[in-house]
Structure formats: structure tokens, C-alpha cells
Amino acid sequence: TAVSIRIRRLREGPTYSGALVLVPGEIRLRHARRLLRQAPFICFIAPERDVAYASADARIWRAPSGSAVLSLEEALTYLGAEGEWAVERPPVRSTVPRLLAAATGTREPDWLLLARLKPAEKRSLDLIGDWPWVRADHLAALLGVERRRVSQLTASLEHHDLLTDHRIEGRRRFVLSDRGLALLARRDRASVAAARKRWSAEPLDPEAPRGWRNLRGGRTRQLLRHLVHTEAVHGFLAALADQARSNGSELGQVEPPHRASRYFRFQDRLRSVQPDAFGVLRCDGRAQPFFLEWERRAIRPSTMAAKLAPYLRYYSSKRPLEDHGAIPLVLIAFEDELAADHFLRVAREEQVRTGVSLPLRVSDRSALEARGPLGYAWRTISRAAAGSVFG
DNA sequence: ACGTGAACTACTAGGGTCTA
DNA sequence: TAGACCCTAGTAGTTCACGT
């Protein structure tokens with residue numbers, strides 16, 4: 001039927017001096033020859049398959065009547081030499097591809113980034129996303145590389161417009177740009193707008209001087225405002241990573257506050273612990289999780305007790321073990337030794353009062369700086385002399 | 001305290017060739 | 001056909017040196 005329709009169109013259409021007709025298959029070939037016998041023009045018919053496979057001088061073209069089989073050249077001489085060959089329009093792309101970014105000097109489109117970034121760059125991007133305002137030297141420790149390598153990685157990320165660096169209090173510090181935030185948010189299938197609202201490092205007023213008051217992101221503002229605290233937490237984790245590497249263990253996982261919090265039900269109310277960091281230290285096949293609190297504000301006994309309360313609730317349940325597979329330590333570091341002393345006393349009282357025992361380790365800045373997080377820098381409520389974290 | 005070019009090492013995946 | 005071997009390209013990271 002399809003052959004009939006097309007041949008009818010051929011007959012009823014414009015006047016041809018001749019035609020080459022291709023038909024699929026033997027049966028259609030016979031059918032077409034019968035239909036074209038009365039055609040008002042010369043034509044030759046050949047099966048599609050033969051046309052596709054044969055060369056120009058293969059004898060495959062038949063007239064509708066008669067048994068002669070002609071080659072393409074012979075058939076064309078019958079079709080009439082006068083007139084003009086149809087000229088195909090040269091193919092033109094309907095849409096011309098855009099110039100490559102490299103050619104125009106503009107930055108690459110967002111969707112190329114994930115393919116273009118190297119694994120080491122993505123790791124750096126993640127770390128800077130987790131710890132905004134991180135110092136270059138802390139970043140080096142967390143990544144486990146030399147300063148030259150940090151410079152290479154951040155230069156590349158900066159080139160892609162994914163992070164910005166700021167010189168604050170004499171040190172170079174990194175934050176993600178809005179483009180970097182968007183990249184991570186999209187990767188995590190999270191809201192880009194929400195990420196910007198929390199973590200943007202763009203100034204609210206581009207004219208005004210930079211500073212924590214002039215930041216778009218709520219969390220980045222808070223972290224910059226309390227830079228001493230922010231830096232102390234980074235410094236602790238960096239020192240821990242360094243020290244772990246040098247003694248054969250490994251800081252396997254570090255989570256920033258927004259992933260370190262744990263929510264749980266206690267006496268039918270939703271409660272939570274909100275540490276400054278959560279991490280897992282791996283040494284000789286054992287994994288030791290820990291929460292970190294870097295404490296500056298809990299100075300009075302009542303604020304110290306208030307600080308402790310969420311942890312006492314959390315550790316009164318089975319949740320710490322169920323959440324982590326091992327009981328996480330609660331590491332609490334103070335700016336000065338005296339506060340640590342007070343805290344230990346308050347902690348002892350609170351544990352007796354509530355009957356909950358906390359795997360508490362307490363230290364202070366000077367002890368940590370002198371001996372390091374894995375050194376003899378930690379005291380417990382039952383041990384006045386400083387021991388190691390696992391002691 | 002930091003930035004960066006040059007030259008280097010180490011390691012890996014993938015491919016090709018040869019041989020028992 | 002498996003295995004030994006070699007080559008290449010790419011990535012990761014270091015060291016040194018020379019700046020600002």
C-alpha cells in the first residue's frame with residue numbers, strides 16, 4: 001500500500017523526465033513494476049538492499065517492463081541527459097554550538113564543573129564548605145598535605161570561582177563563594193537558596209567594609225563573629241589530624257556542627273546535643289567516636305551545669321551506642337586550666353546527682369598546645385593527673 | 001606568613017606486545 | 001589464552017627556590 005501511494009504521488013505530481021525508484025524487498029519490487037508500467041516517464045526500479053550494497057556499475061536497475069538489467073550509469077543515460085541535476089542545499093546547522101569557554105575567556109558553565117574538578121579539589125571544596133573561614137595551615141592538616149599543595153588546590157578552585165580567600169587577622173582564610181555553595185547544594189539535592197541564606201560569604205552591602213556585620217549568611221556571620229572559637233575548633237581538629245597521622249592512627253571522619261548534632265527523645269520531649277564537632281579516630285582497627293566542645297562561655301557553675309545537661313540526657317539512654325557503634329567520648333576543652341578545674345567539679349556533682357556516667361575528657365588550651373590532642377592532656381572526674389584521650 | 005614556578009617522585013589505569 | 005612486560009597519560013603531592 002505504501003508503494004502504491006508513493007507511486008500515485010509520483011504519477012500525479014510534477015512532470016518528470018525520469019525517475020529512479022527504490023523499493024524495499026522482492027515482493028514490493030514486482031508490485032512497483034506493475035504499477036509503473038503506465039507511468040508517463042521513464043523509470044528504473046531497484047531493491048533498496050542492492051542499491052545500498054552495490055557499486056555504481058552493478059547491474060541492478062530494471063525498467064517496469066522488459067527484462068533488461070542496467071547499471072546506474074546506463075540507467076542515467078536513458079533518463080535524459082538534458083536538464084539539470086537537482087542540487088542539494090548544503091547542510092546548515094540550525095543552531096551553531098556556542099564557543100568553548102576557553103575561546104571566549106568566560107568561565108565554564110556550571111554543569112561542567114563536576115566533571116572538571118579533580119577528586120582532591122572536591123575534597124578541599126567539601127572541607128572548606130564544612131569549615132568556613134578555615135585557615136590555610138589548618139586546611140593543610142585536615143587534607144594531610146603540604147602548604148604548596150593547598151595553594152595549588154585552592155588556586156584551582158578560586159580559578160573556577162568556587163571559593164574566595166580573605167585576609168583576616170593576618171591569616172589567609174577560605175570560604176566558599178555563592179557558586180561553590182550552589183555546586184554542593186545541587187550535588188546534595190538541597191536548596192541552593194537555603195544554603196546561601198546560611199552560608200553565603202557575600203557582603204550584604206558591597207560598599208560597606210567587610211566584617212561579620214556585613215555578611216549575607218547567618219552561620220558564616222556567626223562563625224566570623226566568634227572567630228576565636230571557630231579557629232580554636234579548627235586548630236584542635238588540625239592538630240588531631242596531624243598527630244594521628246604521625247603516630248599511625250587516623251582521623252577518619254570529621255563532621256561540622258550542623259552534622260554533629262544528635263536529636264533524641266527524652267521524657268517525651270525532643271532534645272538534642274549540639275557539639276562543635278564530631279569525629280571518629282581510627283587506631284589499630286578500633287574506631288573511637290568523639291564529640292568536641294570548645295568552651296568559652298561556661299564559666300559560672302550554673303552555666304557549666306546547663307552545658308552538661310544535654311549530654312547527661314543523651315548518655316542516660318542507649319542512643320550513644322546505637323548511633324555510633326561505640327560509645328563516643330565527650331571531649332571538652334577550655335581556654336584556661338582554672339575553668340577546666342571548676343568544670344570537673346561541677347561534672348562530678350552532676351553525675352552523682354543524676355546517676356548518669358559520662359565518658360568525659362576535659363582539657364585546656366595550654367595543655368593541648370603543649371602536648372597535643374593525643375598527648376597526656378586530658379583529665380577525667382576520677383583522675384586528677386592528665387592522661388591520654390583513651391586512658 | 002604566604003604565593004608560585006619548576007622540577008621532581010610516586011602511583012594508577014589502560015593499552016599493546018610478546019611468549020610459553 | 002594467561003601472564004609478563006613495557007609504555008603512556010593523568011593525577012597527586014613534594015621539595016626547592018625565589019619572591020612579596
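Letters go in sequence order (proteins before strands), and every chain restarts at 1.
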Problem - Aromatic ring pairing A:Phe291/A:Phe278, orientation class (parallel under 30°, perpendicular over 60°, tilted between) - result: tilted

Exercise for the section: Just say parallel, tilted or perpendicular for the rings of A:Tyr314 and A:His324, cut-offs at 30° and 60°. Expected result: perpendicular

Exercise for the section: Compute the centroid of each ring, for A:Phe174 and then for A:His166, and state whether the two points are separated by less than 6.0 Å. Expected result: no

Fill in the blank from the handout: In B/S/- notation (B base, S sugar-phosphate only, - none; protein heavy atoms under 4.0 Å), nucleotides 12-18 of chain C written 5' to 3' is SBBB---

Exercise for the section: Would you please classify the geometry between the A:Trp131 ring and the A:His234 ring as parallel, tilted or perpendicular, with 30° and 60° separating the classes? Expected result: perpendicular

Exercise for the section: Indicate whether any N or O donor in one side chain lies under 3.5 Å from an N or O acceptor in the other, for A:Glu349 and A:Gln351. Expected result: no

Exercise for the section: Would you check if there is a donor-acceptor pair between the side chains of A:Ser272 and A:Gln274 at a distance under 3.5 Å? Expected result: yes

Practice task
Establish, yes or no, whether the cationic atom of A:Arg221 lies under 6.0 Å from the six-membered ring centre of A:Trp212 and within 45° of the ring axis.
Solution key: no

Exercise for the section: Shoot me the first and last contacting nucleotide of DNA chain B against chain A, ordered 5' to 3', at under 4.0 angstrom to non-hydrogen atoms. Expected result: B:dA1 to B:dA6

